[in-house]
Each structure stands twice: as structure tokens, then as C-alpha cells.
Number of protein chains: 2
Amino acid sequence: MIKKEEILRKALEQFNERGYSEVGVRELARLLKISPGNLSYHFSKKEDILMALLEQFSAQNSSFYDHYLTLAPTNAHFLALMEKIFNSQYDYRGVYIGNQFVQAELQNQDRFNYQSIAAKRAATFQNIFRELEAAGQLRVDEKNIDFLVAYITLFGRFWISEATLFNRSPDKHKTIRHYLSLVAKQLSLFATEEGKKSIDEFSSSIT
Amino acid sequence: MIKKEEILRKALEQFNERGYSEVGVRELARLLKISPGNLSYHFSKKEDILMALLEQFSAQNSSFYDHYLTLAPTNAHFLALMEKIFNSQYDYRGVYIGNQFVQAELQNQDRFNYQSIAAKRAATFQNIFRELEAAGQLRVDEKNIDFLVAYITLFGRFWISEATLFNRSPDKHKTIRHYLSLVAKQLSLFATEEGKKSIDEFSSSIT
DNA sequence: GTCTATACAAGGATAGAC
DNA sequence: GTCTATCCTTGTATAGAC
């Protein structure tokens, strides 16, 4: 008996390597050594596989945010959060990017409606930056917070798209380090002296 | 006799409204009141339509850069350049975003190889920022220039993707104004007093 | 050169036997 | 739970009319 887990693992591997739209269900079934009909039995639509993987990705990310909230609000912890998210985005890049292709259909399913997800994420980042301000890590007014939220929302959503336009499987650690350093630099533009020390502390830990 | 221009116009309209992958060649032919075979005669592959539209888009953008280089290097002129580019990206959003979907195939055709295009664009922005520094508009060292180039490259490539994830046809002027204001803010973080005046000058001209 | 009609291949989806 | 056979849609290619 084939487990859903096996299908998802192989599907993610293929999506990452060749892109969601390039992977056919017949081919996926062949790689799994099962019939196309059997694959259909477990996931009646190709999109269902995408959804299941997005579910995994989403759950993992939620746990990262939850964990962050238990820590003291420092720039270093914030960057560590971003590092975890970036790693996760890299691991799920095939579905994360492919997500865009099927947004039209996903709009219906509120679970993955981009508008509601983006709104929640923006609110989360707004709170995070407010806390960092209160903790003396950032020197920002509300306008600056909105700017940083807009920055991190777009940047955090599309860095992996840019990275994989060059190369579908770029060096994971090198690529993440590069984009993390850009986030760190952006943050440092609004950091207090204390906050800058925290950023340096994080930066030296990843090099 | 149907002109290639008519096909491209209708195709762009459809790609913008419904997305590249959602528009079928048969349907496009029906909308143009011609047979699918006739469409094949003018553009033997669907991708050829995409390429022709990207060609138009690319030519238009080049003219914007060329024009900018004839002007005095000021932040206001730079932002005016970005405004033109943003307008163009919006108008071609269907192919601009769809571009990502077919990158795998486009990698072969050097004309639209993302790596070479991105490298050229990065070099262009690097020169622009260096000139703005020399003209006393920006206060930046080479590291800051690299940071700004990385920022404008990613932001300028993906703002339209973010905007259309919410709504395939968001209000053009409102959306562009929003994203331009983010660019202006980012630029102001590195601007001299003189440079800030130039940014304000531009900002007041678009509100 | 311009167009229609048609055939073919590939991929997603489904019905029904076992 | 697994398979085979089949259907439908979509991109693509081509024969042949005008």
C-alpha cells in the first residue's frame, strides 16, 4: 500500500527540480511505480497535491512564528525567524512558486486565499516591529513600520522567485545567506545602537 | 487579412485579464474570429506570441533608459524613469508575470535569458546610482550601491506580481503610486539634503 | 501569401473491473 | 486499494483550398 506521504515526498522533489507545471501525473505515477489511476485515487486532482504540500509548508511556518513569540524581541531573534522561514521556502520552492500559477483557482479556497494570508502576515510583522521598537531595538514611527512591513512582505515573498529564476536549485546556504544579509542591512537602517549590536551578533553567527 | 498587430493586441488583453496559461490558442482564435490554423500560420507556437510581446515590452523599456541618460542625474528623474517602467510593466503584466512560467524554455533563447538580462539591468542601475552619488543626490559608498541595486532589482521585478496576486487588474494609477512611494522612501534613506528635495519634488508631482 | 479543416500527441480526469 | 481503459481538452503540425 502506497502512503500519501510517499507521494507527497516524491511530488515535492519533482516540483522543486522541474517546476509544478512541468511534472505530469502519469510521470509522477511512473516514478512511484504505481498506476495513474492509483495516484488519482489518493489525490483526485493534481492541484490537491499542491494544496497538501502548501498545508505542510504553512503548518511548519506557523510553528516558527509561534516559537518566535516566546523569545525576547531582539533583531537577532527576528533574523533567526526569517532564516527559518527562508529555509522552509527554499525546501518548498517548487510549490511556493508554483502557487502563483494556480492563484486563480486558489482564490476560492479561503485557506489559501492570498489576500487573507497576506493580510495576516502583514499584521504579524507589524506587531513584531512594534515590539522591537518598544524593546529599544528599532527606532521607527508608524510610517516607518508600514514601510518595513511592505518591504518584508514583498521581499520575503519573492526572494526565492528571483533566486530560482537564475537556477532552479541554487546553493541553499549561500543563497539564503545572501538574501538574509539584505534583510539585515535593511533592518539596520532603522536599528538603534543596541539593535545594531543584535544584528551583528546574528550576522556573525551565520558566516 | 488579419495583422500580427491585431493578434498581439488581443493576446495581451487576454493574458492580462486571465493569465498566460489560462488563455488557449483556440479561444484566442475564436475571439479574433479566425481559425486556429490561421493563428498557427502567424504564430506557429503560443510561446512565439509571448516572445513577440516581450520584444515590444523590452524595446519600450530600452527607450526609457536611453531617455533617462540624456537628463541631468537627479532623484526626481530617476523616479520618473521608474514610473515609466512601472507603467509599462503594468500594461504588460500578463506576459511579464507569465514570463516566469516559461523561463525553463526561455533559458535557451539568449535574447530573453533571465541571467543575462538581470546582469545588464544590475549594471545599469549601478551606473545610475553612481552618477546620482557623484551629482550629490545620494550619499552612498559601494556597499550601499550594491544594496540599492539588489533592492531595486528584486523590487522592480516583483512589485507587479505582488499587486496582481491580490487582483489581476488592480487600479493602475493607485497601485503604481503606492509602489513608487516605497521606492522613493527607500531612496530617501540614502539621499542628501539636495537629493531629498528632488524626491519631494517628484512625490508632489504624482499625488 | 493567407486561410480552413483536420489530425495527432500529451496531459488531466474519471468510470468501472478486480 | 489498485488497476486498465477511456474521455476531454489543449498545444501543435500539416494538407490542401483560394
Side-chain angles (χ1 to χ4, degrees), chain A residues 1-54 94-95 97-109 112, chain B residues 1-54 94-95 97-109 112:
Chain A
M1 171 187 154
I2 186 131
K3 294 203 190 65
K4 276 187 196 283
E5 282 307 315
E6 294 177 53
I7 296 175
L8 291 178
R9 238 193 61 254
K10 180 61 80 176
L12 180 58
E13 174 198 298
Q14 291 298 309
F15 293 161
N16 282 346
E17 277 177 21
R18 311 196 352 264
Y20 176 73
S21 51
E22 306 305 311
V23 179
V25 287
R26 282 177 177 78
E27 192 186 2
L28 191 55
R30 189 176 51 73
L31 287 168
L32 287 160
K33 300 189 204 311
I34 61 175
S35 73
N38 191 3
L39 184 56
S40 277
Y41 170 73
H42 291 286
F43 295 96
S44 64
K45 298 168 70 179
K46 184 182 171 187
E47 197 184 303
D48 291 344
I49 302 177
L50 185 76
M51 299 296 284
L53 287 168
L54 282 174
V95 296
I97 295 172
N99 192 3
Q100 282 176 272
F101 301 74
V102 290
Q103 266 304 321
E105 295 98 276
L106 295 184
Q107 292 293 356
N108 307 326
Q109 317 188 227
F112 288 109
Chain B
M1 169 189 152
I2 185 136
K3 296 202 190 67
K4 276 187 195 285
E5 282 307 315
E6 293 177 54
I7 296 175
L8 290 177
R9 239 194 59 254
K10 180 61 81 177
L12 180 58
E13 173 199 298
Q14 291 298 309
F15 294 161
N16 282 347
E17 278 176 21
R18 316 205 336 273
Y20 176 74
S21 51
E22 305 306 311
V23 180
V25 287
R26 282 174 179 78
E27 191 186 2
L28 191 54
R30 188 177 52 74
L31 288 167
L32 286 161
K33 301 190 205 310
I34 61 175
S35 72
N38 192 3
L39 185 56
S40 272
Y41 169 72
H42 291 287
F43 296 96
S44 63
K45 297 168 70 178
K46 185 182 171 187
E47 198 184 300
D48 292 343
I49 302 177
L50 185 77
M51 299 297 283
L53 287 168
L54 281 174
V95 296
I97 295 171
N99 192 3
Q100 281 176 273
F101 301 75
V102 291
Q103 266 303 321
E105 295 97 276
L106 295 184
Q107 291 294 355
N108 308 325
Q109 317 188 226
F112 288 109

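Every chain is numbered from 1 and lettered A, B, ... according to where its sequence line falls, protein lines coming before strand lines.
- Between A:Val25 and A:Phe43, the closest side-chain pair of non-hydrogen atoms is not below 4.5 Å.
- In this structure, B:Ile49 places its CD1 atom 12 Å from C1' of D:dT12, rounding to the nearest Å.
- In this structure, B:Gly24 reaches the sugar-phosphate backbone alone: every heavy-atom distance under 4.0 Å involves primed, P, OP1 or OP2 atoms, never a base.
- Regarding B:Leu39, its CG atom lies at a distance of 14 Å from the P atom of D:dT10, rounded to whole Å.
- Nucleotide C:dT2 holds its P atom 11 Å from the NZ atom of B:Lys3, rounded to whole Å.
- Proximity of B:Leu32 to B:Asn38: side-chain heavy atoms (C-beta onward) are nowhere separated by under 4.5 Å.
- Toward the 5' end of DNA chain D, the nearer of the two residues B:Val25 and A:Met1, judged by each one's closest nucleotide, is A:Met1.
- Position along DNA chain D of the nearest nucleotide to B:Lys45 versus A:Gly37 favours A:Gly37 as the more 5'-ward residue.
- Rounding to whole angstrom units, CZ of residue B:Phe43 and P of D:dT14 are separated by 19 Å.
- Considering only the side chain of A:Arg26, C:dG11 comes nearest among D:dC3, D:dT4, C:dG11.
- If you measure from atom CZ of A:Arg30 to atom P of C:dG12, you get 13 Å, rounded to the nearest angstrom.
- Checking C:dA13, C:dC3, D:dG1 against every side-chain atom of A:Tyr41, the shortest atom distance belongs to D:dG1.
- The neighbour count for B:Lys4 NZ, taken as heavy atoms of other residues, nucleotides or ligands under 6.0 Å away, is above 12.
- Out of C:dA13, D:dG11, C:dC3, the shortest distance to the side chain of A:Lys46 is found at C:dA13.
- In the set C:dT4, D:dT12, D:dG1, C:dT4 carries the atom at the smallest distance from any side-chain atom of B:Ser35.
- In this structure, B:Glu27 places its CD atom 13 Å from P of D:dT9, rounding to the nearest Å.
- An OP1 or OP2 oxygen of D:dC3 is reached within less than 4.0 angstrom by a side-chain nitrogen or oxygen of A:Asn38.
- In this structure, B:Lys33 places its NZ atom 15 Å from P of C:dC3, rounding to the nearest Å.
- For the atom pair A:Leu12 CG and A:Ile7 CD1, the distance stands at 13.5 Å (nearest 0.5 Å).
- A salt bridge does not link B:Arg9 with B:Glu6: none of the charged nitrogens is closer than 4.0 Å to a carboxylate oxygen.
- When each of C:dC3, D:dT2, C:dT14 is scored by its nearest atom to the side-chain atoms of A:His42, the top-ranked nucleotide is D:dT2.
- Following rounding to the nearest Å, A:Glu22 (CD) and C:dG11 (C1') show an atom-to-atom distance of 12 Å.
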